[in-house]
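To start, the structure under review is shown below, and the notes come after it.
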Amino acid sequence: MTQLSPLLNRITQNPGQCGGRPCIRGMRIRVSDILEMLADNVSKEEILADFPDLEAEDIQACLLFAARRTEFPRITA
């Protein structure tokens with residue numbers, strides 16, 4: 001998992017851009033937009049074709065960013 005951490009450097013968050021929402025490499029492509037496309041079964045190849053400035057690692061970074069946001073403390077009985 002430590003090899004994946006540098007991927008998170010591809011995710012940027014600036015108050016003056018896209019309302020402060022997480023974006024990819026300072027571009028106005030929001031992480032949430034990529035995640036929604038993936039959820040709608042849009043292939044990585046289609047996303048990369050629609051957004052020529054994106055790289056495959058950007059999509060992987062979005063997935064890692066989302067996965068890290070879902071980590072919650074374990075509750076035991």
Rounding to 0.5 Å, atoms CZ (R69) and CG (L64) come to a distance of 12.0 Å
Which pair of heavy atoms, one from I29 and one from F51, lies closest together, and at what distance?
CD1-CD2, 3.7 Å
Which of these, I47, D33, I34, sits in a side-chain contact (heavy atoms from CB on, under 4.5 Å) with C62?
I34
Hey, what do you get for CE (M27) to CZ (R10), rounding to the nearest 0.5 Å?
8.5 Å
With rounding to the nearest 0.5 angstrom, report the CG to CG distance, L48 to D58.
8.0 Å
Of N14, T12, I11, which is the lone residue that meets side-chain contact (heavy atoms from CB on, under 4.5 Å) with P22?
I11
OG (S32) and CZ (R21) are apart, to the nearest 0.5 Å, by 7.0 Å
Are the side chains of S5 and R68 in contact, using a 4.5 Å heavy-atom criterion?
yes
Residue pair C18 / R28: nearest heavy atoms and the distance that separates them
N-NH1, 3.5 Å
From E46 atom CD to N41 atom CG, the distance as rounded to the nearest 0.5 Å
9.5 Å
Donor-acceptor pair, R25 side chain versus D53 backbone, under 3.5 Å?
yes
Pairs flagged by salt bridge (charged side-chain N to carboxylate O under 4.0 Å, His left out) wherever residues 35-44 is involved - sequence neighbours left out:
none
